[in-house]
Amino acid sequence: MSESRAGADLSPRYDPSGIEPVLYRRWLERNAFHVEADGAADPYVIAIPPPNVTAALHMGHGLNNTIQDVLIRFERMRGRDAMWIPGTDHAGIATQNVVERQIARDGLTRQDLGREAFVERVWEWVRQYGSTIISQLETMGCSCDWERTRFTLDEGLSRAVREVFVRLYEKDLVYRGNYIIHWCPRCHTALSNEEAEHRDVDGRLWHVRYPLADGDGHVVVATTRPETMLGDTAVAVHPDDERHRGLVGREVALPLAGRRIPIVADEFVDPEFGSGFVKVTPAHDPNDFEIGRRHDLPEVEVIDGDGRMTGDVPGPYRGLDRFEARRRIVADLEAAGLLEAVVPHAHSVGHCYRCDTVVEPRLSLQWFVRMQPLARPALDAYRRGDLRFHPERFGATYEHWLTNVRDWCISRQLWWGHRIPVWYCRAEGCGGTHVSREDLERCPACGGEVEQDPDVLDTWFSSWLWPFSTLGWPDETDDLRVFYPTHALSTAPEILFFWVARMVMAGLEFVGDLPFTDVLLHGTVRDARGRRMSKSLGNGVDPLEVVERFGADAMRFTLVSSAALGTDLQLDHEDLESSFRVGRNFANKIWNAARFALGHLAADDVERRPADLDLELADRWILDRFGRAVDAVTDGIARFRLHEAAEEAYRFVWNDLCDWYLELVKGRLNGERGEASRAAAAGTLAFVLDGALRLLHPVMPFITEELHCHLPGRTTEDTLLFGPWPDGGAVPRSAEAARAFDALQEVVGGVRRLRADYGIDPGRRVDVVLVDVPQPLRTAVEQERAGLLSLARIAELRFAEAAPAGEPGAHLVLAAGGELFLPLQDLVDLERERERVAEELERLAGLLAASRGRLGNQRFLEGAPPEVVEREREKAVSLEERLVRLREKRASLGEA
RNA sequence: GGGGCCUUAGCUCAGCUGGCUAGAGCGCUACGUUGACAUCGUAGAGGUCACUGGUUCGAGUCCAGUAGGCCCCACCA
């Protein structure tokens, strides 16, 4: 089973496609993602936002699930019992639409099949395709506890739904009534306020004359929906409107309808708008509905569930589509000379969030949940600080919505979903309404026949229970006791109201505790032009394609690192390489760094601790850097600043480990400086490499696991999944090594810059003289001499008290103190040297002036923190020293 | 109409509690295969941190306003 491999046989190019599926299978085989309530001492739980069963995996899922997996893997490595509950949502309207379209190909409607057969048909569809999206998460490396996969229509979850409905009913928090709701004439169902998406459209405002019924004259009303006038039952004016006071109580003759309707006074009317008259259509407008109730007006329905004019309208319009009726009515009004004006008018119109049809406000008998009593505790939890949003600003949005909640219309005229657990008695004289946890056969009151409410519940009525219904609620299960409340919830901001706020309410109301403590809102994935990715635009990026071409790790790293939480991120669907090359190249970099290291490490090297080694400057430096990286990455993930964590890990691996440390210890690893030195370098390298793989594992699980298993002495039995996570406090730090190394880097950088400036052949090794350099730079240079020679392509490196007199060369004054001299003989360009010195002089003089200004300011000295002042002093001293040297240089170079 | 956000290098973005001589990746320029990596290396160019005021010893960072852009909520016909 176990297999040990040396590093040398790794390919120079990282190929994720052959590795990722193997590792994932291995993880599943060891059942690594499953957690039992029994014995889970320190659980960390995330409930996945269940994707619609009909959904195809897109980049939004890619981003969201990467975020969750990073958190889960991080906590698992930290030793917690990290458990991630996966699952899907039955998505009432969406799924029903899919299957309706499917059977339509055979010329069938759901009515043709009948309810039972249709629902069975949907189940078939779900069984066949429903798990696709979930299994695709495996490709991305998501470490979900697959044994716990749930579906919102599962038996257990359905029981939770019923329990909740009954409890709400018993507390009088759910009621049934005739109100204006958003109606989708295509889906034939009611929608909640949140499901009607309002968009500004360029409409028109038609000004229509309504003649007074008795006597001359007319009033002018303005409307954006002339077709509703057939349902007008009044005209309203503001009670204080001086102009029209005399008209209140009189009647107008409703054109085209041949009815007389009263003029009423109502506060709702804005006297400033238009003529000050409002037509009142109680059955088709929420405001008018209120006015109607206040004045006891009739509610005349003129548009039916199909969006057609009803039989209650005059003959010519009967049965017409609402928009066709609008055209006809406008034409007829015009012909009758009643159309006073038509003006362009931008206004917002509701659209069905599923099929984009213009929704119709419609009077209809529906079930509602009273939200205010539920909202208060949800608001309090946030205000107490028990519920946190990341980024914080979304808290304001949450608060705003909760303080203005309106009742939630939960009944849907669909077949696919949880049927409303209400039975109506058909018996004469009884007619009772019964809400029940169990199906009813007979009326509990009279024993008569009962009929169940035909409607189903809004999909979100099951989703809002997700964090606890998935754990077995309403039963008091071990799972519920151990894993609830969950910890983080990661989702898109657009479902803050649909889902997040409602889950908070449900958790507090039904379980008595918040469902989670931290809400992460990620940004929207957009294309290169900033457009939202969508099927219709064809600009989507398929995560599976990205995984195939670049690897899951590359995708995950790119997604996590390219924008802060809450910030939208752009991906170019036409040039995937430009988007994902960062992650792919980084994976390749890690791969090759490890490949190199593995070629030089023995099993013993991996066993050693830094404390056992005879550390040199470079070793102490990289350990110091590593310790800082551990702290930064840990802090970044713990604070949900994932992009910072990713960036810190990237910096450490690429800029510190690869660019400097590896280059510096190549000779030592080959034994050039003896066994003790080799062992120190090898032991340090093994330690920081192992640690770097750990730091990166939450974001890049595959490549890190693969390399981990390749370390000397390790086998495929080994795994990074359970940590341990590196302990930053246990890594030896050395501020002194950090300072000394900074100076070394400056020397190397200086030589390289001078070489580039003078166009020195890269193959040519130069001599370098370090003039008058202070400690600790002097010792550092001596210690790392060999590495410096190779990094800066130096032939000889020597110290001097003063610059070699009369020798032509290039100078550089070091911030670390002293100066660097490159004897260049023929190559040196005096004019160029003068320019360089002059520019540098000017730049530093400017900085010194600013620094002196600060230090000369008494208020700065008193007001600023002591360490800031101290730093400023050191800066000024250093600048002064460098300026002195530069001036000497200038003098020695003479005038141009 | 209400609420929130954004405006930092050619592009995409960092910059949390004010101390920055403002960073990264990509792109660009020049040079380079010194056996981990050309999915690479070295050096470099490139920014009045949208604008105007204010607070402060000190503002990319806080406050107010202006301009432009985005998002969410909303029943002004």
Side-chain angles (χ1 to χ4, degrees), chain A residues 7 10 12-14 180 193-194 198 205 221-225 236 268-270 272-274 277-281 285-290 345 347-348 361 391 393-394 396-397 399-401 404 493-494 496-497 524 528 530 550 554 561-564 566-572 577-579 581-582 584-600 639 641 643-644 647 650-651 655 658-659 662-663 666 749 752-757 759 761-763 790-793 843-844 846-847 850-851 853-854 857-865 867-869 871-872 875 879:
Chain A
L10 298 182
R13 193 173 271 212
Y14 174 54
I180 297 272
N193 294 320
E194 290 72 25
H198 288 268
L205 198 54
V221 298
T223 180
T224 53
R225 298 194 304 151
F268 167 78
V269 182
D270 175 3
E272 305 298 314
F273 189 92
F277 290 100
V278 175
K279 63 191 272 306
V280 183
T281 322
D285 182 281
N287 296 311
D288 295 4
F289 176 78
E290 298 295 331
H345 182 71
H347 64 133
S348 101
R393 73 185 122 92
F394 286 105
T397 315
E399 199 169 8
H400 183 253
W401 187 76
N404 297 292
E494 56 260 32
L496 198 56
F497 311 132
T524 306
F550 306 97
S561 63
S562 53
T567 305
D568 292 353
L569 73 162
Q570 299 200 340
L571 299 177
D572 189 341
E577 163 122 11
S578 73
S579 300
R581 112 173 79 217
V582 174
R584 183 206 47 195
N585 292 0
F586 184 41
N588 195 244
K589 190 73 180 178
I590 299 164
W591 183 258
N592 276 290
R595 200 162 69 92
F596 168 77
L598 293 172
H600 294 273
R639 293 169 64 208
R641 304 175 69 87
H643 76 282
E644 276 181 14
E647 198 179 306
Y650 181 94
R651 242 191 253 290
N655 303 125
C658 293
D659 289 351
L662 283 184
E663 294 300 336
K666 278 177 176 173
R752 284 170 172 171
R753 192 145 22 98
L754 290 177
R755 293 182 65 114
D757 272 2
D761 180 349
S790 123
L791 283 180
R793 316 282 311 148
R843 194 177 71 88
L844 295 186
L847 291 176
S851 189
R854 251 162 279 170
N857 183 335
Q858 197 55 32
R859 308 224 270 173
F860 171 72
L861 298 178
E862 287 162 6
E867 62 272 19
V868 171
V869 176
R871 225 181 305 144
E872 197 62 48
K875 189 164 86 183
L879 285 169

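The chains referred to below are lettered A, B, ... by the order of the sequence lines, with proteins before strands, and numbering in each begins at 1.
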* To do: Using a 4.0 Å heavy-atom cut-off across all strands, classify A:N857 as base, sugar-phosphate, or nothing.
  => sugar-phosphate

* To do: Look at all strands and tell whether A:R584 reaches a base, only sugar-phosphate, or nothing, counting heavy atoms closer than 4.0 Å.
  => base

* A:D568 near the nucleic acid: base, sugar-phosphate alone, or nothing, with a heavy-atom cut-off under 4.0 Å? -> sugar-phosphate

* Structure fact -> The nucleotide from B:rG27, B:rG15, B:rC13 with an atom nearest the side chain of A:A563 is B:rC13

* Asked: For A:R793, which contact category applies under a 4.0 Å heavy-atom criterion: base, sugar-phosphate, or nothing?
  -> base

* Integer angstrom distance from the P of B:rU7 to that of B:rG60 -> 15 Å

* Take A:T224 and A:P762, find for each the nucleotide of RNA chain B with the closest heavy atom, and name the residue whose nucleotide sits nearer the 5' end. => A:P762

* Asked: Does a distance-only test, which skips hydrogens and angles, find a donor-acceptor pair under 3.5 Å between the side chain of A:R843 and the base of B:rU21?
  -> yes

* Looking across every strand, which nucleic acid part, if any, lies under 4.0 Å from A:F268 by heavy atom: base, sugar-phosphate, or nothing? -> base

* Establish, yes or no, whether the cationic atom of A:K666 lies under 6.0 Å from the six-membered ring centre of A:F596 and within 45° of the ring axis. => yes

* Reckon A:P493 touches a base, only the sugar-phosphate, or nothing at all at heavy-atom distances under 4.0 Å? -> nothing

* With rounding to whole Å, what would you report as the distance between B:rU8 and B:rU42 at their C1' atoms? -> 28 Å

* Asked: Just checking A:T567: base, sugar-phosphate only, or nothing, at a heavy-atom cut-off of under 4.0 Å?
  -> sugar-phosphate

* Asked: Is there a donor-acceptor contact under 3.5 Å linking the side chains of A:S790 and A:E663?
  -> no

* Asked: Could one point to a donor on the side chain of A:R13 or the base of B:rU39 with an acceptor on the other under 3.5 Å away?
  -> yes

* Asked: Are A:R651 and A:E647 ion-paired here, with the side-chain N under 4.0 Å from a carboxylate O?
  -> yes

* Asked: Would you say the base of B:rC16 and the side-chain of A:R639 have a donor-acceptor pair closer than 3.5 Å?
  -> yes

* Give one of base, sugar-phosphate or nothing for A:S578, where a contact means two heavy atoms less than 4.0 Å apart. => nothing

* What is the nucleic acid contact for A:K279, judged by heavy atoms within less than 4.0 Å: base, sugar-phosphate only, or nothing? -> nothing

* Mind checking A:A593 for me? I need base, sugar-phosphate or nothing, with any heavy atom below 4.0 Å counting as a touch. => base

* Asked: Do we see a donor-acceptor contact under 3.5 Å between the side chains of A:R854 and A:N857?
  -> no

* To do: Looking at every strand, decide which applies to A:H345 at a 4.0 Å heavy-atom threshold: base, sugar-phosphate, or nothing.
  => sugar-phosphate

* Asked: With a 4.0 Å cut-off on heavy atoms, is A:E663 in touch with a base, just the backbone sugar-phosphate, or nothing at all?
  -> base

* Would you kindly compare A:Q570 and A:V582 by the position of their nearest RNA chain B nucleotide and give the one closer to the 5′ end? => A:Q570

* Asked: Distance between the P atoms of B:rC75 and B:rU52, in whole angstroms?
  -> 41 Å

* To do: Please give the nucleotide sitting opposite B:rU42 as a Watson-Crick or G-U wobble pair, both distances under 3.5 Å, or none.
  => B:rA30

* Integer angstrom distance from the C1' of B:rC26 to that of B:rU39 -> 14 Å

